[in-house]
Amino acid sequence: MYNEYEIRTVPISLNHCRRDVSEFLHSNGLRLDDVDYYACIYQLGDDTIVAGGGLKRNTIKCIAVDNHYRDQGFMARLVSHLISQANQQGYNSTRVFTKPENRQVFESMGFTLIAQAPEAILLENPHELRTYCQYLSRQRRMGRSGIIVMNANPFTKGHRYLIEKAASMVEWLHVIIVYDHADKHTFTYEERKDMVEEGTKDLSNVFVIEGSEYQVSQTTFPTYFLKETSSATDTQITLDLDIFTHFIAPHLGATTRFVGTETNDNVTSRYNHLMKQFLDKRGYEVVEIPRLTTTADNHQEQPISASTVRSFIKEKKLNKAFRLAHKVSWKYIMAALASKALKEELNTSPKPGLVDILDNGAHQDMDYQLMSHSIDTLRPFFARLCIEGEPQIEEIIDIGKQAEAAMMKVTNGVNTHRGAFFSLGITTVAAYNILATNTPLTTNNLSNKISQLARKIPPATNTHGATVRKTFNIKGAHQNAIDGYDTLFNEWLPFYRTLNDDTYRNHKTLLKIMSTLDDSNIYHRKGAHEAAMVRHEAQTLLDNFSTEGMDRLNQQYIVRNISPGGSADMLALTIFIDSLCE
């Protein structure tokens, strides 16, 4: 019988394929959720879907079998195929969300039930939650224990207040940081965990616990097969709390869960409401602690929240963000903005002669993935450059050397971001020092502070940049920093800000920089004549901009082996400084 049917991969990024899958799921009482991979079983010679199922990382989603074929073993065949796909992607375990009536089918295939709600169940194979519970048991302490589950995205004064109040009510307090494999937070899981650990180290009865995908994550929050969002929300919350009461709390020996009051976020408010009902029925206490408040610009008291901090960061009001964020979070805010600027430059496509999403430009030794890994590697070093007190040049230089060594290790010796780390790094030191002294972070103050720091740093020797400076008598990265990046502040940044609503803002700013900068990368590769040509070509294209023109210039630079890497660094720096200063 199986020979009459075949499994096909369905590219749901194509509209007609997505429509077909959505219609099939709808006819089976489901809806299409976010998936990376989708496969369908078809009868040979027919495009009618018999069964279908998808994967999001290692989670099986959106799985259904047509009513006419449910006794023919297609569910097992499809699940086996999806498990194989997950294994090929490097996952050792697989999870599945499905309707309660499918429980027996999946348990017969080796899955173990880990959570259930009236409209959904969550199973996994093998039973990895057991391993996490063994870890939790090792963190258990004798005496009355409580739990807080938090994002800390970033860690604020409000989070510290909540932890301090909760810790005073129990002998031991366990703080679990929400973990998400996709980590779409502004701050990484590692950063958020470090913030909380550092911000609570003086509280002797507080223990920061490793998070997992079993608390308030995409794993415990499915929505794909429920058509009513309100129903989906309650199902998600019930699954999450079921895992909490059956596995998390018992293995930590905790009897109390602490939460902050919630007035702004409807889902969190609903979560807290259902949590009180659900945990009370299972013998757990929920303590809701009023949030710490601050006086807003309108002179009204408002709760301190991470979302408000993120809004201030987005609005380039770092002084306000720093007033609400716990001080341990400041350096991570700076690091997030620096790495974001580098990734925004990398993602700007097309670019002439430079690595981007589309191609490697004039480079044989680096590509988009390598550049991305390099940026992720450098991110923690930007945080380390946020030095308390007056920055010591020796410490700055030492951190720079460690960052370069880490970069070279992950890139197998390819210099991807040495120049960019110097310019964004010295700017990080300067900006943090200004903010930490509660001085307004204006462009003038930042330029002056960069200049002061750069004058204390000895120029590099025995580098391509040093050779170019001597040979062609041009400014290099060090001299530009000594000048306080005057061209950036006086020309490039104002130009960038005039293009606030322009789709091609970054492209045009890059051309503006290329038309005025003596780019040492170009001088090193091609000499003074080609450098002058690049400045002229950039200005010409800027005067009559088009993406087709960017494509043509890119192809020319690939052939001519031209890479305006110094200009790319200055674009990233312009983006970074714009994010720092109102």
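Only a predicted model underlies this, so the values are computations on that prediction, with no experimental measurement involved. Nothing fancy with the numbering, it's 1 onward along the sequence.
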Determine the minimum heavy-atom distance between Tyr132 and Ile176, stating which atoms define it. OH-CG2, 4.2 Å

Less than 4.5 Å apart, any side-chain heavy atom of Pro154 and any of Glu191? no

With the threshold set at 4.0 Å, does a side-chain nitrogen-carboxylate oxygen contact exist between Lys331 and Glu198? yes

Please say whether the positively charged group of Arg291, taken as NZ for Lys or CZ for Arg, lies over the ring of Tyr161, i.e. under 6.0 angstrom from the six-membered ring centre and within 45 degrees of the axis. no

Which residue in the set Ile434, Leu441, Ile313 passes side chain to side chain contact (heavy atoms under 4.5 Å, CB included) when paired with Leu580? Leu441

Describe, in one word, how the ring planes of Phe382 and Phe421 are oriented to each other, choosing from parallel (under 30°), tilted (30 to 60°) and perpendicular (over 60°). tilted

Would a 4.5 Å heavy-atom cut-off, applied to side chains only, mark Asp194 and Tyr332 as touching? yes

I need the Phe312 CZ to Ser307 OG distance, nearest 0.5 Å. 10.0 Å

Gap separating the CG atom of Leu123 from the CE atom of Met109, nearest 0.5 angstrom: 9.5 Å

Heavy atoms from other residues, nucleotides or ligands near CD of Gln369 exceed 12 (cutoff 6.0 Å): no

Step by step, would you call Glu388 with Lys327 a side-chain contact (heavy atoms from CB on, under 4.5 Å)? CA-CA 11 Å; Glu388 292 297 322; Lys327 193 169 185 179; 3.2 Å; yes

Donor-acceptor pair between Arg95 and Thr59 side chains, under 3.5 angstrom: no

Nearest heavy atoms of Leu173 and Ala167, plus distance in Å: CD2-N, 3.8 Å

Determine the interplanar angle of the Tyr189 and Tyr179 rings, folded into 0 to 90°, and report it as parallel if under 30°, tilted if 30 to 60°, perpendicular if over 60°. perpendicular

Run the numbers on Glu197 and Arg192 for salt bridge (Lys or Arg N to Asp or Glu O under 4.0 Å), then give the verdict. CA-CA 9 Å; Glu197 286 180 335; Arg192 292 182 286 114; over 6 Å; no

List the atom of Val35, the atom of Cys62, and the distance in Å for their closest heavy-atom pair. CG1-SG, 4.1 Å

If I take atom CE from residue Met407 and atom OG1 from residue Thr416, how far apart are they, to the nearest 0.5 angstrom? 4.5 Å

Under a 3.5 Å threshold, yes or no: a donor from one side chain and an acceptor from the other, between Gln236 and Tyr271? no

Could Asp202 and Arg160 be called an ion pair, given the rule that one side-chain N must be under 4.0 Å from one carboxylate O? yes

With a cut-off of 6.0 Å (strictly less than), are more than 12 heavy atoms of other residues, nucleotides or ligands near NZ of Lys165? no

So, Thr295 and Glu301: side-chain donor and acceptor under 3.5 Å apart, yes or no? yes

Tell me yes or no: between the side chains of His326 and Ser329, is some donor less than 3.5 Å from an acceptor? no

Ile304 side, atom CD1; Leu292 side, atom CG - distance, nearest 0.5 Å: 4.0 Å

Would you say CD of Gln277 has more than 12 non-hydrogen atoms from neighbouring residues, nucleotides or ligands within 6.0 angstrom? yes

Counting N and O atoms only, with roles assigned by atom type, does the side chain of Glu124 sit under 3.5 Å from a partner on the main chain of Leu129, one being a donor and the other an acceptor? yes

Can you see whether Tyr38 engages Thr9 through a side-chain donor-acceptor pair at a distance of less than 3.5 angstrom? no

If you count heavy atoms of other groups shown closer than 6.0 angstrom to CG of Asn92, is the number above 12? no

Please give me the minimum heavy-atom distance between Thr411 and Ser374, naming the atom from each residue. CG2-CB, 4.0 Å

In short, salt bridge (Lys or Arg N to Asp or Glu O under 4.0 Å) pairs touching residues 133-159 with sequence neighbours left out are Arg144-Glu285

Report the distance from atom CD of Gln402 to atom CD1 of Ile397, rounding to the nearest 0.5 Å. 12.5 Å

Close side-chain approach of His417 and Leu378, heavy atoms under 4.5 Å: yes

Nearest non-hydrogen partners of Ala152 and His159, listed with the distance: CA-CE1, 3.6 Å

For Ser93, enumerate each residue passing the side chain to side chain contact (heavy atoms under 4.5 Å, CB included) test, keeping only those at least two apart in sequence or located in another chain. Asn58, Pro126, Glu128

Working to the nearest 0.5 Å, report the span between SG of Cys386 and CG of Asn433. 10.5 Å

Verdict with supporting geometry, Asp242 and Arg282, salt bridge (Lys or Arg N to Asp or Glu O under 4.0 Å): CA-CA 10 Å; Asp242 194 45; Arg282 299 197 177 184; 2.7 Å; yes

Side-chain contact, heavy-atom cut-off 4.5 Å: Ile333 with Phe187? yes

Heavy-atom pair with the smallest gap, counting every atom of Val410 and Leu370: O-CD1, 4.0 Å

Set out, in order, the CA-CA distance, both residues' side-chain angles and the distance that settles side-chain contact (heavy atoms from CB on, under 4.5 Å) for Val196 and Ile177, then state yes or no. CA-CA 8 Å; Val196 180; Ile177 310 305; 3.6 Å; yes

Is the backbone of Phe24 close enough, under 3.5 Å, to the side chain of Asn28 for a donor and an acceptor to pair up by distance? yes

Can you find a pair of side-chain heavy atoms, one from Asn87 and one from Ile83, that are under 4.5 Å apart? yes

Under 30°, 30 to 60°, or over 60°: which ring-plane class applies to Trp172 and Phe207, parallel, tilted or perpendicular? tilted

Donor-acceptor pair between Thr308 and Ser305 side chains, under 3.5 angstrom: yes

Please determine, by modelled atom types, if Asp240 and Tyr214 share a side-chain donor-acceptor pair under 3.5 angstrom. no

